[in-house]
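Working notes for the structure below.
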2 protein chains.
Amino acid sequence: MSESATRKPAERKRGSGVQFVYNVLRDEILDLALAPGTPIDEIQLAQRLSMSRTPIREALVRLAGEGLVTTLPNRSTVVANIDFLNLHTFFDAITLMYRVTTRLAALNHQADDLVTIRARQAEFAKAVDEQDALGMIATNREFHAAIAVAGRNPYYESLFLRLLDEGRRLLRLYYSSFNDQLPQRYVVEHEDMIAAIEARDVEKADALANEHADQIVEQIRNMIARDHRQKIAL
Amino acid sequence: MSESATRKPAERKRGSGVQFVYNVLRDEILDLALAPGTPIDEIQLAQRLSMSRTPIREALVRLAGEGLVTTLPNRSTVVANIDFLNLHTFFDAITLMYRVTTRLAALNHQADDLVTIRARQAEFAKAVDEQDALGMIATNREFHAAIAVAGRNPYYESLFLRLLDEGRRLLRLYYSSFNDQLPQRYVVEHEDMIAAIEARDVEKADALANEHADQIVEQIRNMIARDHRQKIAL
DNA sequence: TGTATTTTTTTTGTCGACACAAATTTTCAC
DNA sequence: GTGAAAATTTGTGTCGACAAAAAAAATACA
């Protein structure tokens, strides 16, 4: 189906098989190219990527560990569902991780961290400027991931990345159907966060991250509410 | 080597193979039966557990996802090292998770949650009373895991469990070499936490969790410091 | 005797095949 | 025609084997 998925049959380096499958599947899941609930047929996937089932299975185990797929015993593994009923737990966790990682970045960042963060921010600003919703989602993730790296706590970083990915799925869901105008405000907020981090102003970084998270959560909430009304109207 | 590892050659249900390997390895890693840095030979392990390499590898992938083993490309996977230089990131994260899960438990717990928590606390108190250091480590984990469940946020829960496991390795390291007297204080602190949760006193639960975490962190720090002096003395 | 190079060994990554479990279809009884 | 039981199909879980990489051993050469 997807173009990038049916590439070069057999000219890959040994040892990169699992990684390749993992990347392909991960991208397709996060981009909603594979809808939540879709069963993943190992044989079919093996044929599509022209490799054996063994590396496919190992990639699936990895994805299951990150919660992106669910494995039903003796039955097919399916793309993880989005649990709308418990979204508040997601909002709660991602807000806390926004705050904690930004705080720690203000505390622990080193010189070259800011270079990376600014580069990501430039990419983000570009995506917003071009009204590229999908690009904005991706670059926003990388921006905050760079901040998390600067915070130098791998435990927070891994949870945060997981949450950002989950959020990417959510946003992708709504941006694809509504084509919103992209909020320029986020660019400014990002700039403020960078400034606070650079100044090592922990409390300000925290407060800004908190506001930023609230903004995003609120936006997602609005999208869901709007979507809900529509569904009821039909 | 280990007794429990070389059991019943081939009378296991289909589909439980990976789970079995995962459990065996996990226990051995957390109990330090497999020392950090030990290479894991797939063939040898396959013979020991009398099964093919395939389920072994899948279990290893899972363990790698949880950070309990490290996979070197095209080379053996080794038991994850304990990063003493960055222990502060561990202390920081586990303290936050102690607080967050206990807060949420006070907020969201339901009736039967308290039953489970009290049961775990009883087991913990028994282990402390019997001066069973290893039992105390294990039951303490289950006690806090039960609180995390009552908090009803799977994101926090999974990170917390990972951190508690990492802590189990750390504690195991020192209890095996020093045979400390077990602090009765923890039992009382646990009781206070249960009371705060039951009363739905979020702030008090938070404060108690914070103190509890500080206690544990401080104890680990002392152990490490003591260990350090010994090393230098030699 | 020490070092560079080749050969051997060890161990991983991948493959194709088979066995078993669940879902699906078909058959059969009533 | 309807429902239960049997047969078939579909797809996972596991296996043994092979090929490629890295490490270890052996050899050549100074």
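Here the structure is a predicted model, which means the values were calculated and not measured. All values below were derived from every heavy atom in this structure, side-chain atoms included, with hydrogens, water molecules and symmetry-related copies excluded. All chains are named by letter (A, B, ...) in the order of the sequence lines, taking the proteins before the strands, and each is independently numbered beginning at 1.
Contact annotation for A/Thr77: no contact, since no heavy-atom pair falls under 4.0 Å across all strands. Using a 4.0 Å heavy-atom distance criterion, A/Ile40 is classed as a sugar-phosphate-only contact.
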Under 3.5 Å donor-acceptor pairs involving side-chain atoms of residues 110-119 of chain A, not counting sequence neighbours:
{"unit_1": "A/Asp113", "atom_1": "OD1", "unit_2": "A/Arg152", "atom_2": "NH2", "d": "3.3"}
{"unit_1": "A/Asp113", "atom_1": "OD2", "unit_2": "A/Gln110", "atom_2": "N", "d": "2.8"}
{"unit_1": "A/Asp113", "atom_1": "OD2", "unit_2": "A/Arg152", "atom_2": "NH1", "d": "2.8"}
{"unit_1": "A/Asp113", "atom_1": "OD2", "unit_2": "A/Arg152", "atom_2": "NH2", "d": "3.4"}
{"unit_1": "A/Thr116", "atom_1": "OG1", "unit_2": "A/Asp112", "atom_2": "O", "d": "3.3"}
{"unit_1": "A/Arg118", "atom_1": "NH2", "unit_2": "A/Glu198", "atom_2": "OE1", "d": "2.8"}

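Salt bridge annotation for A/Arg53-A/Glu42: present, with a cationic side-chain nitrogen under 4.0 angstrom from a carboxylate oxygen.
Taking atom CD of residue B/Gln44 and atom P of nucleotide C/dT11, one finds them 8 Å apart after rounding to whole Å. A straight line from CD of A/Glu58 to C1' of D/dT14 spans 13 Å, rounded to a whole angstrom. Separating the CD atom of A/Gln19 from the P atom of C/dT14 is a distance of 11 Å, rounded to the nearest angstrom. Computed from coordinates, the A/Asp41 CG to D/dT9 C1' distance equals 13 Å when rounded to whole Å. Separating the CG atom of A/Leu45 from the P atom of D/dG11 is a distance of 13 Å, rounded to the nearest angstrom. Whole-Å rounding puts the A/Ile43 CD1 to D/dT12 C1' distance at 8 Å.
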Distances for protein N or O near nucleotides 15-24 of chain D N or O, under 3.5 Å:
{"unit_1": "D/dC15", "atom_1": "OP2", "unit_2": "B/Ser52", "atom_2": "N", "d": "2.5"}
{"unit_1": "D/dC15", "atom_1": "N4", "unit_2": "B/Thr54", "atom_2": "OG1", "d": "3.3"}
{"unit_1": "D/dA22", "atom_1": "O3'", "unit_2": "B/Arg75", "atom_2": "NE", "d": "3.3"}

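Relative to the ring axis of A/Phe143, A/Arg120 does not place its NZ or CZ within 45° and under 6.0 Å from the centre.
Here the side chains of A/Leu30 and A/Arg26 are in contact, with some heavy-atom distance below 4.5 Å. Contact annotation: the side chain of A/Val78 approaches that of A/Ser76 to within less than 4.5 Å [non-hydrogen atoms, C-beta and beyond].
With sequence neighbours excluded, the residues forming a ring pair (Phe, Tyr, Trp, His ring centres under 6.0 Å) with A/Phe160 are A/Tyr98, listed by chain and number.
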